[in-house]
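Please read through the structure below; I'll follow up with questions.
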Amino acid sequence: MTSIRLIEANPGKLTALDALMAVYLKSFRTNRANAYQTYLEDAADYEEARAKAEAEGRVSTFKRKEPVWQEWNLPQLRVPVIQANANVVVVEKSKDSMFDYWLRVSTLGRGHPLRVPVKLASYHKQVLAGKTLNTSTTLHKRNGVWWLTLSFDEDVPLQTEVSAPLVGVDVGIAHFLTTSTNKEYGSFHGKMARQHKRDREKRRRKAKLQACLEKKGVSKDKLPSTSSETSQRLSRHVKQEINRAVNELIKDHPDVRLIYEDLNVASMRFHARSMNAYLYASHLGHIPEQLAWAAAKQGMAAHTVRAAYSSQECCRCHFVDRANRPTQKTFKCVVCGYQDHADHKAAVTLAGRWGDRELAACHTKKEIKVLLMTRHEKWKKENEQRIKGAGPPIQLSFWDLPETFLDLSQA
Ligand SMILES: [Zn+2]
């Protein structure tokens, strides 16, 4: 990151930047006003629920928390800042020799971007030499002077040892992350699910109110909005929770190699049964992204592996079948009887897939299934004698204890 003073080669342009800042501030204030409106609705909801509880004489068991308004920080008012991504500000290398870069800032006038020249001091040139600028840019005004902050991506050298232990990570809805070390982080259930339900009810009530007002002839621009600020807030909240879960996982597992699945969010959405699950599934894609980013920041090795059948494959005998998952939570192999918590088993399977060249070479899901079933046949052959010696399949659960098993086979 480096701060560059914007030159007053063309004061008109910086004035235009001032005007643009007014637009940004206006949108900030609008967002704050919307958030405040949401708070007022929440507070009214709370009062209503509390009054009902009082009327029914169950105040003592009334547990809902009263919403509290937290004023938004307004750093923008003291130091005007435009924090922009590539949609708003683009940094272009200048082709003539007068300037080093041009900033192309989007304005409200479509197709009329504001172009501000940038000249670098020699120490800026040194800092930026050989670096590739990324697309996040900040403009801020201090003491009447506009400053530009450019940022660049930096490679953090890999810290993970070659011999570092492998930790598999399964991504899911019940828990954001389940590790092969048998730990769970974050969840879409509980508080967030309840919040989502309340949000939906509120929107339904609002829509009803609106229809009612419309009937009474209230003009359209005076109708309350049914847009859902709370749903955006929930979405932000889900992402924050994901980030927190990822950070915790990394803190708990220093010096390991993370192995996680190449998640197919589209198919998860397709399989999600309830609308709640559908909504959350659309956030699942953020989990591997965050995992990759957080690991890279720490210089920690993290790899994706093929995920096909990772929830159905037995990690002992490689038998693949939907029937191995009697419930969402349990894994129980119908051939060898291996039993485990389903997400933990998936994490173990993923860890085992790292460095599996045969598997990586498969082009389709079908090829993966054929490979895994070939491994199962091989396992069966190697263990046939022992299976017979162990008696009827129902007793196969003592495969969990290899020592006991060996004693029995000798007997
Ligand atoms: Zn099995």
Side-chain angles (χ1 to χ4, degrees), residues 165-175 177-184 256-264 267-268 271 303-411:
L166 302 180
V167 170
V169 182
D170 180 65
V171 170
I173 289 179
H175 292 102
L177 305 153
T178 305
T179 61
S180 56
T181 54
N182 228 340
K183 289 193 167 181
E184 288 156 348
V256 305
R257 190 177 291 277
L258 294 179
I259 312 296
Y260 59 105
E261 65 187 296
D262 212 350
L263 189 72
N264 184 345
S267 86
M268 285 191 103
H271 288 298
H303 315 268
T304 56
V305 291
R306 303 291 288 274
Y309 301 107
S310 60
S311 63
Q312 293 177 21
E313 181 193 354
C314 173
C315 51
R316 182 194 289 147
C317 74
H318 306 294
F319 184 67
V320 176
D321 200 291
R322 223 173 266 279
N324 287 346
R325 291 285 299 278
T327 69
Q328 188 63 32
K329 276 186 183 168
T330 8
F331 180 90
K332 190 166 194 282
C333 178
V334 294
V335 174
C336 76
Y338 176 85
Q339 196 170 344
D340 195 354
H341 185 281
D343 294 341
H344 172 250
K345 198 243 31 119
V348 171
T349 301
L350 290 170
R353 287 184 176 188
W354 188 63
D356 186 336
R357 289 185 183 198
E358 281 180 329
L359 191 95
C362 292
H363 294 294
T364 60
K365 266 187 89 171
K366 209 173 157 192
E367 282 180 38
I368 292 181
K369 184 152 185 181
V370 169
L371 172 69
L372 297 177
M373 287 312 272
T374 310
R375 289 178 181 175
H376 172 66
E377 288 305 319
K378 191 165 167 254
W379 177 90
K380 233 165 64 180
K381 235 181 210 140
E382 285 168 8
N383 293 275
E384 216 153 20
Q385 280 314 105
R386 298 180 190 180
I387 291 173
K388 275 180 194 153
I394 193 128
Q395 288 184 29
L396 284 174
S397 56
F398 49 65
W399 283 75
D400 287 334
L401 305 160
E403 296 85 352
T404 319
F405 166 75
L406 282 176
D407 286 341
L408 277 168
S409 66
Q410 279 157 7

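Whatever order the structure lists ligands and atoms in, that order sets their numbers, starting from 1.
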### the Zn ion (ligand 1) contact by C314, N, O or S atom under 2.8 Å
yes
### Query
Can an N, O or S atom be found in C317 less than 2.8 Å away from the Zn ion (ligand 1)?
yes
### Query
Do any of the N/O/S atoms of H376, backbone or side chain, fall under 2.8 Å from the Zn ion (ligand 1)?
no
### Closest heavy-atom pair and its distance - K365, A308
CG-CB, 3.8 Å
### Task
Indicate yes or no: does R306 engage E367 in a salt bridge with an N to O separation below 4.0 Å.
no
### Task
Please report the C-alpha distance between Y309 and I368 in whole Å, then the side-chain angles of each, then the deciding distance to 0.1 Å, and finally whether the side chain to side chain contact (heavy atoms under 4.5 Å, CB included) criterion is met.
CA-CA 8 Å; Y309 301 107; I368 292 181; 4.0 Å; yes
### Query
Under 3.5 Å, is there a donor-acceptor pair linking the side chains of K378 and T374?
no
